Amino acid sequence: MAIPVRSLLDGLRRGVGWLLYAACLAVVDPARAATIPVTTTTDVDLDDVDCSLREAIVAANTDAGYHGCPPGAGADRIVFDLAFPATIALAADLPAATTSMKIQGPGRTQLALDGQDLHRILVLDSPGGLPWFYVERLTLTRGRAPGGVNGTGGGAFVGTQDKALFSRVRFLANSSTNGGGGLGLSDSGSGGATVTLEDCEFEGNLAEGALGGGGLYSYYSQVTVHGTTFSGNRATSASGVGGAIRQFQGRLTLEQSTLSANEADSGGGIYVSGNFAPAPMSLTIVDSTITLNLANADANTTGDGGGLAIAGTAGLLSLDLRNSVVAANLDSGTDLFPDLWIPSGILASLATGFDFVGSRAGATGYFAAGTPNASGDYVGTVSSPLDPQLGILRDNGGPTSTHRPLPSGPSPLIDSGSCSSAATDQRGFGDPLLRQRRVDVATVPDGSGSDGCDIGAVELDASADAADALFSDGFELGHTLLWSDESR
């Protein structure tokens, strides 16, 4: 059973499961690791005293000194010894990472890797699959994927059976001639990739081809998205799907994340599909906000599901939607399915509770109207949609942009949800005394069955002081290479 990252961390914070978790760690021998400093922003491959990023990846791959770079040794850390802020403009595609390594930036505003709309930026593609690949605290911008086999992901690509974690990475204005404008995961059905996105931003990425996935294209992969915002991403083909995320087969878990103002023909926010199943497909959306996304972006009248669209073989996919907003999305087609498009018979199972769905049109067989309905969900209709009353997408604190419930009104999301297992909201905010996300607003009556939590990604009155310093050393990521202040 796959355990979402936040659920696992919440359990660990409560002192549960330490021995079991430690036994599962992919332990890296610190003695078999090297730090390779990048000392120049110039993208060169020359035998001189400087170590470029291109040369550093070669040194890490080969465990040998290369030009101005010291030798790698097992699972290596590539760092940046530069004057910041800095941009590394690529003269060609970077070499693929073929061994375990960490690329450790100084911060998204301090370092950008720029593909100049010509070159794909980061590629992880090992023939046998890697223990892990970790990228943190930098911006990947203007990467360009070529299309074809293993040709998705303008900002980054992770190959079949490889494992990767991206933390506080900004995917900005990348593109693909086919799918995965920002990030592409696998192009083969033999197992897919295993990837976690933690506190990342996908902004203004573009998928031009039929595969879709303006921000993220995932093929047969196991993907956990936590604390991440997708905004302004587009799938522009006449049949392009998944403005923010396109998932084919595999598993997708979306936790405490925001999808806003993404566009596609179908599935402006998320498009999930599959036609055959070596393993069951699953989609889990918890404590998240999906709003202002657009279906039928090309105005050809055929697109559906501004927020979420699901297609494929009947009875194939399990959907778990809890304490989440899917509302105020748009569909400019002839069939007005602004928030959901889930044809009858598609779902193998559906679990819901404390969701806020603007309109059930396009999924009437799965969602009953009511405020709340018998399942505890707030569900509107196409003729009487529910308004979540959210503020604009902006910096509301924390590492990513979010939509905050409007206090005036007040927003119907406030104190209408249930989030007993969540330690914080998307921003990392919560109740600093109780060490929980839930902050009950005394002036707002709790909704039926609610524990006083707000529905969606943001808790209105939560405090930044709730951040838990216990997990600031990287231990929760399972890699001993990260157990130092230097790595954070």
Side-chain angles (χ1 to χ4, degrees), residues 4 6 199 225-231 244-245 253-262 269-270 283-293 306-308 320-329 338-340 352-359 367 371-372 375-380 385-431 436-441 444 446-462 466:
R6 183 54 57 189
D199 298 337
V225 179
H226 176 79
T228 292
T229 293
F230 291 77
S231 63
I245 301 172
T253 299
L254 189 75
E255 304 172 318
Q256 297 170 321
S257 293
T258 296
L259 277 61
S260 176
N262 303 284
I270 301 175
L283 172 61
T284 300
I285 302 173
V286 180
D287 298 343
S288 294
T289 298
I290 302 174
T291 191
L292 300 180
N293 303 286
L308 168 64
D320 185 355
L321 181 68
R322 290 177 285 117
N323 204 62
S324 293
V325 177
V326 187
N329 297 287
D339 294 312
L340 300 170
T352 68
F354 301 98
D355 297 306
F356 191 95
V357 177
S359 169
F367 292 88
T371 54
S375 300
D377 301 310
Y378 295 76
V379 181
L386 300 183
D387 182 359
Q389 298 183 40
L390 291 164
I392 63 171
L393 187 71
R394 54 164 291 176
D395 180 1
N396 290 303
T400 55
S401 299
T402 53
H403 288 282
R404 183 171 176 260
L406 292 175
S408 58
S411 165
L413 307 177
I414 299 172
D415 289 3
S416 294
S418 178
C419 60
S420 59
S421 64
T424 65
D425 67 5
Q426 179 175 341
R427 303 168 297 170
F429 290 11
D431 186 317
Q436 64 183 21
R437 166 186 164 158
R438 183 177 64 250
V439 180
D440 202 344
V441 179
V444 177
D446 289 355
S448 177
S450 172
D451 62 7
C453 181
D454 300 345
I455 301 175
V458 173
E459 189 77 10
L460 178 65
D461 282 354

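Computed from a prediction, not measured in an experiment: that's the story for all the values here.
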Point to revise | Minimal non-hydrogen separation, Ser450 against Asp415, with atom names | key: OG-O, 3.1 Å
Review point. Is Glu459 close to Thr424 at the side-chain level, that is, under 4.5 Å between some pair of heavy atoms?
Key: no
Practice item. Could you tell me which non-hydrogen atom of Arg427 sits nearest to which non-hydrogen atom of Ala462, and how far apart they are? Key: NH2-CB, 3.9 Å
Check your understanding: Under 3.5 Å, is there a donor-acceptor pair between the side chain of Arg437 and the main chain of Asp454?
Key -> yes
Review point. Would a 4.5 Å heavy-atom cut-off, applied to side chains only, mark Asp339 and Phe367 as touching?
Key: no
Revision key, fill the gap. Shortest non-hydrogen pair, Phe354 vs Ser448, comes out as CE2-O, 3.6 Å
Review point. Are Thr229 and Gln426 linked by a side-chain donor-acceptor pair shorter than 3.5 Å?
Key: yes
Check your understanding: What are the two closest heavy atoms between Ala327 and Gly358, and how far apart are they?
Key -> CB-N, 3.5 Å
Exercise for review: Taking Ser411 for its side chain and Leu413 for its backbone only, find out whether a donor-acceptor pair lies under 3.5 Å.
Suggested key: yes
Check your understanding: Just by distance, with hydrogens left out, do Ser420 and Asp451 show a side-chain donor and acceptor under 3.5 Å apart?
Key -> no
Exercise for review: Please examine the side chains of Leu292 and Leu390, heavy atoms only from C-beta on, and report whether any two atoms are closer than 4.5 Å.
Suggested key: no
Practice item. For Ser408 and Pro410, indicate whether the former's side chain and the latter's backbone hold a donor-acceptor pair under 3.5 Å. Key: no
Point to revise | Under 3.5 Å donor-acceptor, Asp377 side chain and Val357 backbone | key: no
Revision key, fill the gap. Given the options Thr228, Ile270, Val286, Asp287, Leu254 meets side chain to side chain contact (heavy atoms under 4.5 Å, CB included) only with Ile270
Check your understanding: Mind checking whether Asp440 and Asp446 have side chains closer than 4.5 Å, heavy atoms only?
Key -> yes
Exercise for review: Supply the atom-to-atom distance Ser257 OG to Ile245 CD1, rounded to the nearest 0.5 angstrom.
Suggested key: 8.0 Å
Check your understanding: Quick one: does Asp431's side chain get under 4.5 Å of Arg438's, heavy atoms only?
Key -> no
**Study point:** Residue from Thr258, Leu340, Ile285 passing side chain to side chain contact (heavy atoms under 4.5 Å, CB included) with Ile290
**Key:** Ile285
Exercise for review: Indicate whether any N or O donor in one side chain lies under 3.5 Å from an N or O acceptor in the other, for Ser260 and His403.
Suggested key: yes
Check your understanding: Judged by atom type as modelled, is there a donor-acceptor pair below 3.5 Å linking the side chain of Ser416 to the main-chain atoms of Pro412?
Key -> yes
Exercise for review: Look at the side chain of Asn262 and the backbone N and O of Phe230, then say whether any donor-acceptor pair between them is shorter than 3.5 Å.
Suggested key: yes
Practice item. Measure the OG1-CD distance between Thr284 and Glu255 for me, rounded to the nearest 0.5 Å. Key: 8.5 Å
**Study point:** For Phe356 against Asp387, the heavy-atom pair lying closest together
**Key:** CZ-O, 3.6 Å
**Study point:** side chain to side chain contact (heavy atoms under 4.5 Å, CB included) evaluation trace for Leu308 with Leu283
**Key:** CA-CA 11 Å; Leu308 168 64; Leu283 172 61; 3.8 Å; yes
Point to revise | Sub-4.5 Å side-chain heavy-atom contact between Phe429 and Asn396 | key: no
Check your understanding: Just by modelled atom types, is the Arg322 backbone N or O under 3.5 Å from a matching donor or acceptor in the Asp355 side chain?
Key -> yes
Check your understanding: Counting N and O atoms only, with roles assigned by atom type, does the side chain of Thr289 sit under 3.5 Å from a partner on the main chain of Ala457, one being a donor and the other an acceptor?
Key -> yes
Exercise for review: Might you point out which heavy atoms bring Gln256 and Asp425 nearest each other, and give the distance in Å?
Suggested key: NE2-CA, 4.1 Å
Check your understanding: Is a side-chain N or O of Asn293 found less than 3.5 angstrom from the main chain of Asn329, in a donor-acceptor match?
Key -> no
